[in-house]
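A short write-up of the structure that comes next.
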Amino acid sequence: MKINIFNAALITVILITLSSCNNSCSFELIYSVKSPVGNKTARFVRGNCGATTGYKYEVRISKDSDSALEDGKAVLRFDDNHAENWPVDERQLIALTWSDDKKLHIAVLRPVRVFMEDDSAQGVDVNYQYSLGTSKL
C-alpha cells in the first residue's frame, strides 16, 4: 500500500487527536469544607490536563470515607474563560457554605465559563450564585 504525504499527515492528525481524548488530568485540592455533621465534604479542586490546556476547576461532593481528590461526584465544572484578572489565591474564586448536611450553597465570585452544573449529588441539594459575566455552555 502506497501512502502519500497527505494521507500520512491525515493519519498523524487523527492519532494525535485520539491520544488527547484520554482523561489524564491530575487534581490538586484548593480547599475543602465538611458538612455540619461531618459525613460529607465539599472539595474545590483544580485539574491540570496537560501543557496545552488551561486549568479546569471542579467542586466535588464526597462521603467522608472518600479520600482521593477524584472521589465523589462533581457538581460544578468551570474554567477561567481566558480571564485577564484572575486571583493568585484561588480560594478567592468560590465560597462553599453548608446550611445543613443536605444543602450546599456555591457562590462563584469571579466571572467564569461553566461547563457542567448539577443540582444534587450524594444526597445533597446544591444551589448556585454566579458573578456577573459568567457564561454557561
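Source: prediction; values computed, not measured.
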Any salt bridge (Lys or Arg N to Asp or Glu O under 4.0 Å) involving residues 116-127? Give me the pairs, sequence neighbours left out, ordered by first then second residue. Lys73-Asp118, Glu117-Lys136
Could you give all pairs that pass the salt bridge (Lys or Arg N to Asp or Glu O under 4.0 Å) test and reach residues 93-110, with sequence neighbours left out? none
Run the side chain to side chain contact (heavy atoms under 4.5 Å, CB included) test on Val124 and Lys40 for me, step by step, so that the C-alpha distance in whole Å, both residues' side-chain angles and the decisive distance to 0.1 Å come before the verdict. CA-CA 9 Å; Val124 175; Lys40 304 263 175 37; 4.1 Å; yes
What is the distance from atom [atom1] of [X] to atom [atom2] of [Y], rounded to the nearest 0.5 Å?
X	Y	atom1	atom2	answer
Ser32	Ile61	OG	CD1	13.0 Å
Arg46	Ser26	CZ	OG	9.0 Å
Leu96	Thr41	CG	OG1	11.0 Å
Gln129	His105	CD	NE2	4.5 Å
Gln92	Ile30	CD	CD1	11.5 Å

For a side chain to side chain contact (heavy atoms under 4.5 Å, CB included) check, start with the C-alpha distance between Phe27 and Arg60, then their side-chain angles and the critical distance, and finish with the verdict. CA-CA 11 Å; Phe27 290 93; Arg60 294 179 167 270; 4.2 Å; yes
Answer whether the closest heavy-atom distance between the side chains of [X] and [Y] falls below 4.5 Å.
X	Y	answer
Ile106	Tyr130	no
Leu93	Pro87	yes
Val45	Val59	no

Give the minimum heavy-atom separation between [X] and [Y], together with the two atoms involved.
X	Y	answer
Val114	Phe78	CA-CB, 4.0 Å
Lys34	Trp98	O-CD1, 3.3 Å
Ala42	Leu104	CB-CD2, 3.8 Å
Glu58	Ala74	OE1-CB, 4.0 Å
Ser62	Arg43	OG-NH1, 3.0 Å
Val75	Ala121	CG1-CB, 3.4 Å

For Phe115, what are the other residues in its hydrophobic cluster, where any two members join if their side-chain heavy atoms are less than 4.5 angstrom apart? Leu137
Closer than 4.0 angstrom, basic N to acidic O: yes or no for Asp79 and Arg113? yes
Before you tell me yes or no, could you show the steps for Leu29 and Phe44 under side chain to side chain contact (heavy atoms under 4.5 Å, CB included), namely the whole-Å CA-CA distance, both residues' side-chain angles and the distance that decides it to 0.1 Å? CA-CA 6 Å; Leu29 179 65; Phe44 180 41; 5.9 Å; no
Would Tyr55 and Glu90 count as having a side-chain donor-acceptor pair, cut-off 3.5 Å? no
Report the C-alpha separation of Val108 and Leu76 in whole Å, then their side-chain angles, then the decisive distance to 0.1 Å, and conclude whether the side chain to side chain contact (heavy atoms under 4.5 Å, CB included) test is met. CA-CA 10 Å; Val108 181; Leu76 177 64; 4.1 Å; yes
Cation-pi check, Arg91 onto Tyr31 ring (under 6.0 Å, within 45° of axis): no
